[in-house]
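Working notes for the structure below.
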Amino acid sequence: MDLRKLRKALQRLWAVLYSATGRLAASYLAVIMVMSLTYSYVLYSTSAHELGRMPPRDLYEQQVESGDTSTGEMAGGVAARPRFDEFLRERAEEGRRVLLQRLIVINLLTLAGGAWLSYYLARRTLQPIEANVEAQVQFVSDASHELRTPLTTLQTTNEVALRNAKLSTAQAREVLRQNIDEVGKLQELTDGLLKLARQDTEALPMEQVSLQRVAGDAMNRIVAPAQAKDIAVEDKVRDIAVKAHAASLTQAVVVLLDNAIKYSRPHSTIVVEGGRRGKHAYIRVVDEGPGIRPSDLPRIFERFYRADQSRSSQHVNGHGIGLSLAKKIAGQHGGTVDVASEVGKGSKFTISLPLG
Ligand code: ADP
């Protein structure tokens, strides 16, 4: 290996060691090695002490006098004692050396195995945390991007109006109307972001609620936009009890209804169905809107995702937050939101919640 390669390898090793994973792995390894070395030290000192112990002189002499010389080395009587002591000392020394060698090898193996294990455990510990931090960073950057568009529009319309020395009252009123529109969008966006952030951390208190009541409350909240587009909303929800957080579930249904109205053409019909299916309660919003392309379907529940801007959403306000909020709420209830859609025919969004 030439010197440059070696330097690169060392730099890479240093980067790994200095990363969060490397430092956590080093702490794990330090714990493992402290335990291993302490254990080795205790084992070595106890064993070395035991190996160094000579048989008591009385016992040795008794054995020699009674002619019990079954231990070969003891043969030769009291006169052989110094030689025997010497022999025992040598054996003890040899024993200590072998023990020390083995303990060193065991500790080196522990160091190598421990380093691998520590790195593996550190990676496993940090991976979900890193993914979380990355998601947060992405969220903040997407949210800032979304906030920038209405802010820029606000700034430009106001600047243009200010530069116009002959601004009429009618023009000024138009600028104010546009400002109010943009502020409304900003409010909608920040409300959505706040709800998403809250849903991330809050555990919802559940109670028995009526599915019909939830659907009814949600439908009451979209009367104005439905009337504005002359869209009929049919209620076909059966009354069953579900364990839910009423306000959040209503919020999720409002998202689906709101989308159905936003994306449907005027004078169409939206049907809200609901009831029990097997072990689940469901609530479904069926519209006659433009439908969603199969390639967009897997992504529409992602935060800030809006399907094909040139088709369905071009003239429709939104930030791509509604469905991710609905999905989160369903998840908090142990349920799901599914979609079935056909381009040109319409979409069916279904919230399913486990019963009992
Ligand atoms: P937003 O409606 O604010 O864009 P959502 O998260 O509610 O955000 O929806 C994501 C995307 O899914 C929308 O931009 C739209 O393209 C698509 N979508 C959602 N509901 C419908 C629907 N009922 N009909 C057609 N497209 C829809």
Side-chain angles (χ1 to χ4, degrees), residues 131-132 135-136 138-139 142 188-189 191-222 233 235-263 270-287 289 291-292 294 296-307 318-341 346-356:
N132 220 328
Q136 294 285 346
Q138 186 65 39
F139 181 63
D142 288 347
E188 214 174 90
L189 174 61
D191 279 358
L193 290 175
L194 274 176
K195 275 180 197 142
L196 261 184
R198 242 181 256 138
Q199 298 292 342
D200 261 343
T201 50
E202 267 175 25
L204 300 175
M206 306 284 175
E207 54 182 349
Q208 290 292 331
V209 298
S210 146
L211 197 67
Q212 213 169 43
R213 177 105 188 255
V214 167
D217 284 350
M219 283 186 265
N220 283 338
R221 282 173 43 188
I222 48 85
V233 182
D235 181 354
K236 291 190 178 171
V237 181
R238 281 191 293 277
D239 197 18
I240 60 163
V242 287
K243 205 160 182 211
H245 182 257
S248 300
L249 189 57
T250 308
Q251 169 83 46
V253 181
V254 168
V255 165
L256 302 188
L257 280 169
D258 202 40
N259 279 348
I261 294 167
K262 276 197 310 192
Y263 297 104
I270 293 168
V271 182
V272 186
E273 303 167 352
R276 168 197 286 265
R277 178 154 301 165
K279 289 181 179 166
H280 286 82
Y282 72 94
I283 192 157
R284 177 175 300 142
V285 176
V286 185
D287 67 49
I292 302 158
D296 286 320
L297 281 179
R299 300 203 58 197
I300 56 171
F301 292 97
E302 287 173 19
R303 281 169 182 173
F304 303 110
Y305 186 81
R306 304 200 75 206
H319 303 281
I321 290 178
L323 286 180
S324 62
L325 183 61
K327 185 180 165 191
K328 187 142 279 172
I329 293 172
Q332 283 177 316
H333 286 78
T336 52
V337 187
D338 298 306
V339 55
S341 188
S347 311
K348 290 180 191 177
F349 282 88
T350 310
I351 299 177
S352 300
L353 305 177
L355 279 173

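Remember, predicted model here, so these are calculated numbers, not experimental data.
- Residues P354 and K279 are not in side-chain contact: their nearest non-hydrogen atoms beyond the backbone lie 4.5 Å or more apart.
- To the nearest 0.5 angstrom, L355 atom CG is 7.5 Å from H280 atom NE2.
- Atom CZ in R284 sits 6.5 Å away from atom NZ in K348 (nearest 0.5 Å).
- Of the N and O atoms on the side chains of D338 and T350, not one donor lies less than 3.5 Å from an acceptor on the other residue.
- Taking CD of Q251 as the start and CD1 of I329 as the end, the distance is 5.0 Å to the nearest 0.5 Å.
- With sequence neighbours left out, A218 forms a side chain to side chain contact (heavy atoms under 4.5 Å, CB included) with T250, V253, V254, L257.
- Inter-residue side-chain proximity for R303 and D142 is flagged as unmet; no heavy-atom pair is nearer than 4.5 Å.
- L249 is not listed as a side-chain neighbour of H245, based on a closest heavy-atom distance of 4.5 Å or more.
- The nearest pair of heavy atoms linking A244 to V209 is CB-CG2, 3.8 Å.
- Within the structure, salt bridge (Lys or Arg N to Asp or Glu O under 4.0 Å) pairs that include any residue of residues 206-218 do not occur (at least two apart or interchain).
- Between V237 and E273, the shortest heavy-atom distance links the atoms CG2-C, 3.9 Å.
- Pairing each heavy atom of L204 with each of H333, the nearest pair is CD1-CE1, 4.0 Å.
- Looking at residues two or more places apart in sequence or on another chain, you find a side chain to side chain contact (heavy atoms under 4.5 Å, CB included) between N259 and V255, K262, Y263, L323.
- Taking the six-membered ring where tryptophan is involved, the planes of F304 and F139 are tilted, since the angle between them lies from 30° to 60°.
- Not a single side-chain hydrogen bond (donor to acceptor under 3.5 Å, both in side chains) links Q212 to another residue, sequence neighbours left out.
- Expressed to the nearest 0.5 Å, how far CD1 of I283 lies from CD1 of I351 amounts to 6.5 Å.
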**OP:** Evaluate side-chain contact (heavy atoms from CB on, under 4.5 Å) for E188 paired with I321, printing each intermediate quantity in order.
**Re:** CA-CA 10 Å; E188 214 174 90; I321 290 178; over 6 Å; no

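- In this structure, CG on L211 lies 9.0 Å from OH on Y282, to the nearest 0.5 angstrom.
- What you find for S324 and F301 is that their closest heavy atoms are CB-O, 3.1 Å.
- Legend: residues meeting side chain to side chain contact (heavy atoms under 4.5 Å, CB included) with S341, ordered by chain and number and at least two apart, are I292, L297, V339, S347.
- A search for salt bridge (Lys or Arg N to Asp or Glu O under 4.0 Å) contacts involving R221 returns nothing, not counting sequence neighbours.
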